Amino acid sequence: MPNNPNFADNLKPVTSSDEAKERGRNGGIKSGQARKARKQARECMEIILKSKVTREEHIKILSGMGIKEKDRQNIMLLMASLFYKGVSTGDGNTVKAILEISGDLDNGQQETQAPQINITVSAATAEDIENE
């Protein structure tokens with residue numbers, strides 16, 4: 001999505017079916033390039049998250065939580081840091097993220113909302129005034 005809010009002003013109408021085909025082809029090529037870049041980034045992140053934790057202070061954190069050596073991967077360190085943030089701050093969004101990741105809260109589950117109260121106000125009648 002372009003950064004310019006008036007991007008529609010820059011659009012030029014298609015003048016022929018050949019031009020429409022060419023624009024569609026170019027859009028498809030760009031879309032494929034973007035998908036390939038996202039896939040590559042996702043694969044890189046998977047490698048990083050599956051890598052073993054090597055920094056001594058991180059190893060101490062995970063071992064202090066009782067995490068076995070074979071399970072000390074960066075994904076575990078990331079989850080531990082999220083957990084500690086939720087515990088230390090009590091931030092609702094962090095707690096919600098933890099519950100969603102653990103499966104204790106569905107992503108589609110609606111948050112509990114306060115009941116809605118509708119009040120209709122109308123002018124006082126002569127009877128209302130007499131009863132006061």
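Not measured: the values here are computed from a predicted model.
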Rounding to 0.5 Å, atoms OG (S81) and NE2 (H58) come to a distance of 8.5 Å
Do L62 and M76 come within less than 4.5 Å of each other through their side chains, counting heavy atoms only?
yes
Interatomic distance, CG@L77 vs CD1@I59, rounded to 0.5 Å, equals 10.0 Å
Query raised in the report: With a 4.5 Å limit on heavy-atom distance, are the side chains of M79 and Y84 in contact?
Result: no
R25 meets the side chain to side chain donor-acceptor pair (under 3.5 Å) criterion, sequence neighbours left out, with none
Practice prompt. Flag the pair Q33 / I29 as yes when at least one side-chain heavy-atom distance between them is below 4.5 Å, and no otherwise.
Written response: yes
Residue set satisfying side chain to side chain contact (heavy atoms under 4.5 Å, CB included) with T89, at least two apart, ordered chain then number -> K85, D91
For S17, the side chain to side chain donor-acceptor pair (under 3.5 Å) test, sequence neighbours excluded, returns none
NZ of K96 to CD1 of I98, rounded to nearest 0.5 Å, is 13.0 Å
Value for OG (S51) from CD (E46), rounded to nearest 0.5 Å, stands at 11.5 Å
Sequence neighbours excluded, the answer for side chain to side chain donor-acceptor pair (under 3.5 Å) partners of R35 is S31
Check your understanding: Does CD belonging to Q40 count more than 12 external heavy atoms closer than 6.0 Å?
Key -> no
Using only atom types and a distance under 3.5 Å, with no angle test, would you say the side chain of N74 pairs donor to acceptor with the backbone of K50? no
Residue pair L82, I101: steps toward the side-chain contact (heavy atoms from CB on, under 4.5 Å) verdict: CA-CA 11 Å; L82 182 68; I101 291 169; 3.7 Å; yes
**Message:** Less than 3.5 Å apart, any donor N or O on the side chain of D104 or S102 sitting next to an acceptor on the other?
**Reply:** yes
E19 meets the side chain to side chain donor-acceptor pair (under 3.5 Å) criterion, sequence neighbours left out, with T15, R23
* Verdict with supporting geometry, E57 and I61, side-chain contact (heavy atoms from CB on, under 4.5 Å) -> CA-CA 6 Å; E57 61 267 24; I61 291 169; 5.5 Å; no
Considering residues, nucleotides and ligands other than K52, do more than 12 of their heavy atoms fall under 6.0 Å from its NZ? yes
Quiz item: Going hydrophobic residue to hydrophobic residue with side-chain gaps under 4.5 angstrom, can you get from F83 over to I67?
Solution: yes
Residues 59-84 vs salt bridge (Lys or Arg N to Asp or Glu O under 4.0 Å), sequence neighbours excluded, gives none
